[in-house]
2 protein chains.
Amino acid sequence: MPAGPTESADRFERPRVAVDTVLFAFQERRLKTYLVQLSRGPANGKWAFPGGLVRRGEMLDDAVRRELKISTGLTDAYLEQLFTFGDPSRDPDAHVVSVAYMALIPDPGRVSGPSPKYAAGGWFELSALPPLAYDHAVMAKYALKRLKSKLEYSNIAFALLPPIFTFAEFEELYSQILARPIDRRNFRRRILAMGLLRPLKETRRGAHRPAALYSFARQTLQMIEML
Amino acid sequence: MPAGPTESADRFERPRVAVDTVLFAFQERRLKTYLVQLSRGPANGKWAFPGGLVRRGEMLDDAVRRELKISTGLTDAYLEQLFTFGDPSRDPDAHVVSVAYMALIPDPGRVSGPSPKYAAGGWFELSALPPLAYDHAVMAKYALKRLKSKLEYSNIAFALLPPIFTFAEFEELYSQILARPIDRRNFRRRILAMGLLRPLKETRRGAHRPAALYSFARQTLQMIEML
DNA sequence: CCAAAAGTGTTGGCTCTACACCCATGA
DNA sequence: TCATGGGTGTAGAGCCAACACTTTTGG
């Protein structure tokens, strides 16, 4: 005697608490985000950011990490709380208050397929998202806005880049995510002057002139006026 | 046969959702915040920001407005969501996830006493807060930080000032909240150049030279580089 | 030797900061 | 006329944006 959606909703006296995670990675010179395809519920077939209900006694961050592990296999990511969405009609099935997080990782290749809980999972360019469930399109906009603004006044890029990278990769990340061209000379001068990056002695050899390698001076979030 | 705190906590399968509101007003040349004194629960006697549980089917903003009305009689305020606090041990009595809001009003004199739900209520200077319940001291810091930074890149001051004011009052608000001296000439030049304020034709007569009056050009939040 | 990406300086304009005196009024 | 808060201008320094060619390598 399974409960239908409506009856199910009535079983809860209070709003439920969930977390949803907008996971970003920079891959093939593009910012991408990870989505899962729902296989049940009123939004069946639509895509969504991975998320789920918070358990009793669980920290919000722990709930995010748990869901991230289930959906992607990831055990480490930079996490930042974004906003809490509480419109009772955002999920037609029940009153779910969702705390949205942004997660950043340097290497999207490490992500394993989603759990059987979902029909599918994959990376999407932000300009070509499939139809999103609930209010997740709003979350996507909100997350991108936050990421853009943090790029301009913090060293948050460290969470999207591998430990060692070229200056061109660093600059490409900025110009792609901010969606505007960046003056190479001015940008390099400013970044190096503020000591954000640590120049390494090695270079990366490729098809052309070798590129000097850098790593971040600090791997923790620092607020700095950048642009 | 009232339930004790422990038994009460066990009745809920899931975390509960609450809102708490850090209400700011600028009065007597000082930034003040409104606190209520708890008259029951494990934090009995301590002070806290007004708040309460979100009801089923209720928007978060509506819950904030409802609690604000109960605690202060206010029906209008600028509201902004700050952060969601979800540590399960933040309330020793139950797992309560609290969505913190900042509220701004121009006239603290309008606030009426708190509901019988609370032992007392009143305005406090931020430098002299009484012992706060739960994690409300963290909320206070968070709210102040947000207010400071928004003063620097938006016209949010409109929500803390009456419809008509002198430039000296406007400047005093900035220098007090940012806790640093402001160069009167440079500040005035910049603010007027960016068209943030609308000069009125009247002046305010007092004990000394009359002061020109201003109002905000826009009464809605505008993001602008200010300082 | 050619293609492709890496790397490098200067200048003019603009913005920001520092700073001190006169003005208008009521008492 | 005096006390008090209101109101005003300039100059030097520092910062920012615009801008194009040379270098290094692999193929």
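Note on naming: letters A, B, ... go to the chains in the order of the sequence lines (proteins, then strands), and numbering restarts at 1 for each one. Since this is a predicted model, take the numbers as computed values, not measurements.
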Using side-chain heavy atoms (C-beta onward) and a distance below 4.5 Å, is Tyr214(B) in contact with Glu169(B)? no

Using the side-chain heavy atoms of Arg209(A), tell me which of these nucleotides is nearest: dG5(D), dT17(C), dT23(D). dT23(D)

Given that Leu213(B) and Ala207(B) both sit by DNA chain D, which one's nearest nucleotide is further toward the 5' end? Ala207(B)

Kindly indicate whether the side chain of Arg204(A) and the base of dT25(D) share any N or O donor-acceptor pair separated by less than 3.5 Å? no

Exceeds 12 heavy-atom contacts within 6.0 angstrom, atom CZ of Arg110(A): no

Using heavy-atom distances to pick each residue's nearest nucleotide on DNA chain D, tell me which of Arg185(A) and Arg205(A) is more 5'. Arg185(A)

Are Phe49(A) and Tyr101(A) close enough that their ring centres sit under 6.0 Å apart? no

Nucleotide nearest Ala211(B) when distance is taken to its side chain, options dA18(C), dA6(C), dG7(D): dG7(D)

Out of dT25(C), dG7(D), dT8(C), whichever nucleotide has its closest atom nearest the side chain of Ala212(B): dG7(D)

Less than 3.5 Å between a donor and an acceptor, one on the side chain of Arg184(A) and one on the base of dA5(C), is that the case here? no

Could you give the CG-to-P distance, from Asp183(B) to dT15(C), as a whole number of Å? 18 Å

Supply the atom-to-atom distance Phe187(B) CZ to Phe170(B) CZ, rounded to the nearest 0.5 angstrom. 4.5 Å

